[in-house]
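This report concerns only the one structure given below.
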Amino acid sequence: MSHGYGKESHAINEGIKGGDAGKLKSNQDVRKYAQGVYKESGLTNAQIKSRMAQKDAGHIIAKNCGGKDSASNYMWEDRHNNRAHGDDPITKAEMKKAGRL
């Protein structure tokens, strides 16, 4: 089941795209950044925990297909979608839906 993208996920992806998130050298860096955005947006700890469980730091181009651990290749995405596309690159339509384009 897809949980979609709300304003906080869009803000996270905008921060990744715009450089506000920094270099992001690992999935854990992306998760820490996302958690901080959720906290700054006023979500409760329970809401943050729920959102973190529903999302992944996805690679736009999978690492085993030549993608890098870098902000330019990360996207905060729905966990189900991340698992579903596997090694396929994230589509432009999905990136747009998530606020990454």
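Between Gly22 and Ala71, the shortest heavy-atom contact is O-CB, 3.7 Å. Closest non-hydrogen pair, Thr44 versus Gln47, comes out as N-OE1, 2.7 Å. The minimum heavy-atom distance linking Glu8 with Ser41 is given by the pair CG-OG, 3.5 Å. A pairwise comparison of heavy atoms in Lys55 and Arg31 identifies O-NH1, 3.1 Å as the closest pair. Closest heavy-atom contact between Lys92 and Leu101: O-CD1, 3.4 Å.
A distance-only check finds a donor-acceptor pair linking the side chain of Asn73 to the backbone of Lys68 [under 3.5 Å]. A donor-acceptor contact shorter than 3.5 Å links the side chain of Tyr74 to the backbone of Asn27. Asn13 places a side-chain N or O within 3.5 Å of a backbone atom of Ala98 that can act as its donor or acceptor partner. Panel note: side chain His10, backbone Lys97; a donor-acceptor pair is recorded below 3.5 Å.
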Audit row: His59, Asn82, side-chain hydrogen bond (donor to acceptor under 3.5 Å, both in side chains) steps and yes/no: CA-CA 9 Å; His59 289 89; Asn82 187 28; over 6 Å; no
Candidate pair Gln54 and Asp78, rule side-chain hydrogen bond (donor to acceptor under 3.5 Å, both in side chains), full reasoning: CA-CA 6 Å; Gln54 297 170 13; Asp78 181 84; over 6 Å; no
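Linking ILVMFWY residues whenever their side-chain heavy atoms come closer than 4.5 Å, directly or via other members, leaves Val30 and Met95 in distinct clusters. Cluster annotation: Ile16 is connected to Met52 through the hydrophobic network of ILVMFWY side chains, with a link wherever side-chain heavy atoms come within less than 4.5 Å.
Counting only residues at least two apart or on different chains, the salt bridge (Lys or Arg N to Asp or Glu O under 4.0 Å) pairs with a member in residues 11-24 are Glu14-Lys17.
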Please report, to 0.1 Å, the donor-acceptor pairs under 3.5 Å made by any side chain of residues 32-40, with sequence neighbours excluded.
from, atom 1, to, atom 2, distance (Å)
Tyr38, OH, Trp76, NE1, 2.9

